[in-house]
Every structure is written in C-alpha cells, then in structure tokens.
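First up is the structure itself, then whatever we jot down about it.
Start at 1 and go down the list; that is how both ligands and their atoms are numbered.
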Amino acid sequence: MADRLYMIVPCYNEEEVLPETAKRLREKYSSLMEKGLISADSKVVFVNDGSKDGTWRIIQELHGSDTMFSGIDLAHNSGHQNAVLAGLMTVRDICDVSITMDADLQDDINAIDEMLERYYEGNQVVYGVRSARKTDTFFKRFTAESFYKFMKLMGADVVYNHADFRLMSARVLRELAGYREVNLFLRGLVPLIGFQSCTVSYERHERFAGESKYPLKKMLSFAVNGITSFSTKPLKLITAIGFIMSAISAAAIIWAFVVKLLGHSELGWSSTMCSIWFIGGIQILALGIIGEYIGKIYAEVKQRPRFIVAEFINDTGGNDNAEKDTEQ
Ligand code: UDP
Ligand code: MG
C-alpha cells in the first residue's frame, strides 16, 4: 500500500497563482497515484496565512470542487514559517508523509517523485536543494548565498541552498511537535531532529505570478532570526572583541604614560576622537547583539501560540471545524 501524502502549501495573498498551482498539483497527484507512489486519499492542504485578498475563498472553492484539496484558515497572519508549522502540526496524525512547498511554483513539483522514492528507500527527511539560481536576480542570488555562508560561519548548520521545500515523515513531524520555540526557523530545526536524510536537487523557477512576500527587510530579519535562534557565537564574539579591546587599551595607557613622562604631553586630538568613536561604536553594537538575544528570550518565555487555526476543511471527516483550534 502506498503511503498517504499531505502536502502543505502556505499562502499569503496568493489569489493570482493559486488556481494554477492547484491545477498542476492535481495533475501531479494523479500521476503519483498512477505510479503507486501515494495513496488515493492523499491531500493538498493550502494554509491561508491571514491573506487580505480572495485566497481563502479560492481555497474553499477548490475544496468544494475536488476533495483532494483541503484548507486551513489561520486566525491572523503568522508568517511563512508559522504557517508551514500550522499545516504540519494539523496533519501530523492523519498523514504518513508530508511535503512542504511554496504556493508560487518556484519549487519544482517534478522533484516530488524523486523525493518520494528517496522516502521509500528509508529516508525520513528529504531536503529539496536548488541546483541553479539562474532565474533569481543577481541581487537575490548574492544575498541568499551570502546568507547560507554567514549562517554557517556563525555556527547555525543549515543545508546549503535548501529553502522550505522538504519531505518529512509523520515520525519526524511527531518529534518536531516537541520543539516549542516561538522563534521558529525550520531550516535550522529539522537537521537538529536527525533521522536518516538526503537531498534531491531541483531547478528553482521564477515566481509564477504576483510579487515576493519577502522583501529585503523581511529577509534580513529572517537571517538575524536564523542566526540568533541557533547560535550563541555572536555573544562569544563580543567577549573576544572585549578581550582584544582591553589588550589594546592597556597598551594605549602605557603609551600615554610614556609620552607624558617624556614631556610631550600635548597629545593629539584626533587620536582621542577616533578611540572614543571606535569604542563607542563597538559598545553599541555589542549591546545591540545582546539585545537581540534578550528579545528572543522575551518572546520565548511568553510562550504564546505560534499560530491559531480558525478552520480546517478536510474531507475525510466532513467539514470539521478543527478540534485543536490552537496548537497543542
Ligand atoms: N507566505 C506566508 N506568509 C507570509 C509571507 C509569505 O504564508 O507572511 C508564503 C507565500 O504565500 C509563499 C511562501 O510563503 O507561498 C514564500 O513566500 P514568497 O514566495 O513571497 O517568498 P520568496 O520566494 O520570494 O522568498
Ligand atoms: Mg517565492
């Protein structure tokens, strides 16, 4: 018997692409069923992340016309990572295997066959990895690649060029449920869970329609979140800089005394100014980095729910308003 696949597709203002995404996924599912890779009751779950446009209406229509499509309506916009998690946590007990994919068709749905084959070979996690970034602008490619390198340098181990196109077995999802962090960064988290895993490479396409919901500002905060959620290296770096600065200032004090003793006490204004600005800058930066971590702790101790499911429309049990309206 083939396993039951639930695909999780987060959608935020995606009315322009959803009909096309649904059409292509329908074709894909039919062929996967024919090949015997997935069971006949496999589903595609669109997670509406508090969209302001007609996204939820389209999802409801899709569900009405084809029971292969399910939908989760979140009570408010929770962000991509939380929307993905909301989907995964909602289906973790009703699927055998899950795949997360963006709604904009940038991820290649033809990689799904290979992902499933790898899964049947015994892999619990299969990472979709971009083989080329030809379609991205130079700027996007450069910032994205620097991001992976910087992450690694800062001690957060992420799979290179892997976004959130990923297969996870139900077993892994159950373990993922145990990670309660509010500052969610799935790319860093899933490798931590472990289990046998592998990668499948695919070519990244251009966004089918609409605009990226990840402008540079969001991307930068995503990078900062990724680093500060997974590594305390920046804090250690501050300590190291502190030591170096102390050593330099000890030398400077000795130098100042020597100059004084030699009688050339009219010291330069420029050197004083420079050191004040330099040390001031480093101190503020250090405070900022420490502040980042305190902000993280603040968010974590509150333990607010990461998402709230307003409605889960899934055909298997009728139109069930999900029992678990918040995460458990
Ligand atoms: N998304 C979401 N919530 C948000 C922002 C984005 O669910 O607050 C979804 C979006 O609909 C898409 C995916 O996350 O399916 C990735 O977003 P996008 O394609 O805009 O990012 P990019 O590929 O440009 O990095
Ligand atoms: Mg995209």
Using a heavy-atom cut-off of under 4.0 Å, does the side chain or the backbone of D102 touch ligand 1, or both, or neither? both

Would you confirm whether S78, through its side chain, and H76, through its main-chain N or O, come within 3.5 Å as a donor-acceptor pair? yes

Considering residues at least two apart in sequence or located in another chain, which fulfil the ring pair (Phe, Tyr, Trp, His ring centres under 6.0 Å) criterion with F165? Y202

Those atoms of ligand 1 less than 4.0 Å from some heavy atom in C11: 7 (O), 11 (O)

For ligand 1, which atoms have a heavy atom of A103 less than 4.0 angstrom away? 15 (O)

So, Y6 side chain and G87 main chain: donor-acceptor pair closer than 3.5 Å or not? no

4.5 Å side-chain heavy-atom contact, E114 and V126: no

For R26, look at atom CZ and say whether over 12 heavy atoms of other residues, nucleotides or ligands are found less than 6.0 Å away. yes

Short question: side chain of E15, backbone of G54 - any donor-acceptor pair under 3.5 Å? yes

Give the numbers and elements of all ligand 1 atoms closer than 4.0 Å to a heavy atom of D104. 19 (O), 23 (O)

Would you kindly specify which portion of N77 sits under 4.0 Å from ligand 1, judged on non-hydrogen atoms: side chain, backbone, both or neither? side chain

Would the distance check show the side chain of T100 and the main-chain N or O of I8 forming a donor-acceptor pair, the cut-off being under 3.5 Å? no

Hey, is OH on Y179 packed in by over 12 heavy atoms from elsewhere, all under 6.0 Å? yes

Side chain of D66, backbone of M68: donor and acceptor closer than 3.5 Å? yes

N/O to N/O below 3.5 Å, does that happen between A83 and ligand 1? no

Using a strict cut-off of 4.0 Å, indicate which atoms of ligand 1 neighbour a heavy atom of E14. 10 (C), 11 (O), 12 (C), 15 (O)

Excluding waters, which are neither shown nor counted, protein N/O/S atoms under 2.8 Å from the Mg ion (ligand 2) come to 2

